[in-house]
Amino acid sequence: MHELGVVFHIIDDVTEVGRENDLTNIQSVTLQLGTVSAVVPELLTDCWKWAVKKTELLKEAELIIEPIEAVSHCEDCLTDFDTVANGKICPNCGSGNTFLLRGNEFMIKEIAGN
Amino acid sequence: MDAVKVIEIKKSVYESNDREADKLRAELKAKGIFLLNLMSSPGSGKTTTLKSVINKLKSEYRIGVMEADIDSDVDALTIARETGVKSIQLHTGGMCHLDAGMTRQGLDELIDSDIDFAILENVGNLVCPAEFDTGATKNAMILSVPEGHDKPLKYPLMFSICDLVLINKIDVMPYFDFDMEACKKNILMRNPKATIIPICAKTGEGIDEFANWLREEISKNR
C-alpha cells in the first residue's frame with residue numbers, strides 16, 4: 001500500500017550505511033519481506049527502479065526480496081498453521097484464539113557494493 | 001575495481017521512522033505541545049468532526065491544524081474559514097501517509113504561531129498511516145457507520161494503534177446494517193485499551209465527550 005514511501009526510507013537508510021562504509025557504488029540491497037506485511041513485492045520493485053535512478057550511490061542497485069512465509073500459532077490446540085491460507089482461524093481445531101508467529105517482517109537484511 | 005563488500009544491516013524498514021517519531025514526541029512534551037494524529041478512511045468526516053470540536057475548545061487552547069492530503073487545499077481552507085484557527089496544508093507528494101519527518105516540517109511552520117494543541121489530519125487511508133508513527137502524543141481514528149462494523153477485523157493494525165476510536169454518522173444507523181455492539185467488540189478485541197465514543201459530527205452528538213477526552217489527555221501531557 002505504501003511502497004513508494006518505504007522505498008524512500010530504505011534508500012535513506014542504506015545510503016547512510018554505504019557512506020559510513022566508504023562505498024561508492026551499492027550493487028544490491030537485500031530485503032526480508034513477510035507475506036502478510038501489506039507490501040506488494042512487484043510494486044516495491046517498480047518503485048525501487050524509479051527511485052534509485054535519482055540517487056548517486058544506488059543508481060544501479062538491484063533489489064533482492066527474500067520472502068518470509070506467514071505462520072500463525074493456535075493457543076488452544078498449540079499447532080502452527082499457514083496464515084495466508086487460513087487467516088485467523090486454526091484449520092486444526094477451528095479456534096480464533098491465534099496469533100501471528102512470523103510473516104509481517106519488513107527488514108533490510110544486507111547491502112553489497114564497493 | 002575494489003572487491004564487493006557485503007554489509008549486514010538487519011534492521012526494520014520502519015526503525016528509523018520510529019526513532020525519529022520518539023524524538024519528536026519527547027521534544028513536543030518538553031515544549032508543552034499536545035499533538036493529536038487523526039486518521040480514517042476518506043469521507044468518514046474527519047474535517048467536519050474537527051470543525052465541531054475545535055469550535056468547542058478554541059477558547060481554552062491555542063490550536064493549530066495540519067491538513068495532510070495528496071493534493072488540494074480544500075480541507076485547510078474549510079478549517080480556517082469555519083473555525084478561525086491557524087491551519088496549514090501539507091502535501092505528501094503522492095504518498096499515502098505522513099511520516100515523522102514530514103510531521104516535523106509541518107509543525108515547524110505551525111509552532112511559529114505559538115500553539116499548545118496541534119492536530120494532524122492524516123491522509124484518508126486505513127492502512128498506511130498506521131504503519132508510520134508520526135510522533136503524535138495520541139492517535140485517534142474515525143470509523144463512520146456506512147463503512148460497516150467489520151472494519152476493525154479487516155484493518156487490525158489501525159485499530160490496534162489508536163488510543164481513541166470515534167464512531168461517526170450515528171444518525172444514519174437505521175439505514176445501514178451497522179451493529180454498534182459488534183463494532184465495539186471488534187475494536188476491543190484488537191485493542192482492549194481503546195476509548196470508544198459514538199458521535200455525529202453533523203448534529204453535534206458526542207462531541208462534548210470527545211472534547212472532554214481531549215481536555216483530559218492534554219492535562220495528562222503537561
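Quick note: numbers below take in every heavy atom, side chains included, and nothing from hydrogens, waters or symmetry partners. Numbered from 1 within each chain, the chains take letters A, B, ... in sequence-line order.
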Original post:
Looking only at heavy atoms, what is the nearest atom pair of A:Asp13 and B:Val13, with distance?
Top reply: OD2-O, 4.2 Å
**OP:** Side chain from CB out, backbone as N, CA, C, O: work out which of these in A:Leu23 comes under 4.5 Å of a heavy atom of chain B, or both, or neither.
**Re:** side chain
Subject >> Best-contacting candidate, A:Leu4, A:Asn21, A:Ile10, A:Val14, against chain B by heavy atom pairs under 4.5 angstrom >> reply: A:Asn21
**OP:** Assess whether side-chain contact (heavy atoms from CB on, under 4.5 Å) is satisfied between A:Gln27 and B:Val4, documenting all intermediate values.
**Re:** CA-CA 8 Å; A:Gln27 294 170 352; B:Val4 172; 3.2 Å; yes
Original post:
Taking the side chain from B:Lys5 and the backbone from A:Ile111, do they hold a donor-acceptor pair closer than 3.5 Å?
Top reply: no
Subject >> Validation row: B:Ile7, A:Val17 side chains within 4.5 angstrom (heavy atoms) >> reply: yes
Original post:
When you look at NZ of B:Lys11, are more than 12 heavy atoms from neighbouring residues, nucleotides or ligands closer to it than 6.0 Å?
Top reply: yes
Subject >> A:Arg102, CZ atom: more than 12 neighbouring heavy atoms under 6.0 Å >> reply: no
Original post:
Is the number of heavy atoms from other residues, nucleotides or ligands within 6.0 Å of NZ (B:Lys202) greater than 12?
Top reply: no
Subject >> Closest contact, heavy atoms only, B:Ala3 versus A:Asn114 >> reply: O-CB, 3.6 Å
Subject >> More than 12 heavy atoms from other groups under 6.0 Å of CD on A:Glu60 >> reply: no
Original post:
Is there a donor-acceptor contact under 3.5 Å linking the side chains of A:His9 and B:Asp99?
Top reply: yes
**OP:** State whether the number of non-hydrogen atoms from other residues, nucleotides or ligands found under 6.0 Å of A:Phe99 atom CZ is greater than 12.
**Re:** yes
Original post:
Taking all atoms of both residues into account, what is the closest heavy-atom pair of B:Glu8 and A:Glu110, and its distance?
Top reply: CA-CB, 3.9 Å
Original post:
How long is the span from the OG atom in B:Ser16 to the CD atom in A:Glu16, to the nearest 0.5 Å?
Top reply: 7.5 Å
Original post:
Are there more than 12 heavy atoms of other residues, nucleotides or ligands under 6.0 Å from atom NZ of A:Lys59?
Top reply: yes
**OP:** Could you pull out the closest heavy-atom pair between B:Lys10 and A:Gln32, with the gap in Å?
**Re:** NZ-OE1, 4.4 Å
**OP:** Could you tell me whether A:Glu56 atom CD has more than 12 heavy atoms of other residues or ligands within 6.0 Å of it?
**Re:** no
**OP:** Determine the minimum heavy-atom distance between B:Cys96 and A:His2, stating which atoms define it.
**Re:** SG-CB, 3.0 Å
Original post:
Does a sphere of radius 6.0 Å around CG in B:Asp108 hold more than 12 heavy atoms from other residues, nucleotides or ligands, not counting ones at 6.0 Å or beyond?
Top reply: yes
**OP:** Would you mind checking which part of B:Glu131 comes under 4.5 Å of any heavy atom in chain A, side chain (CB onward), backbone (N, CA, C, O), both or neither?
**Re:** side chain
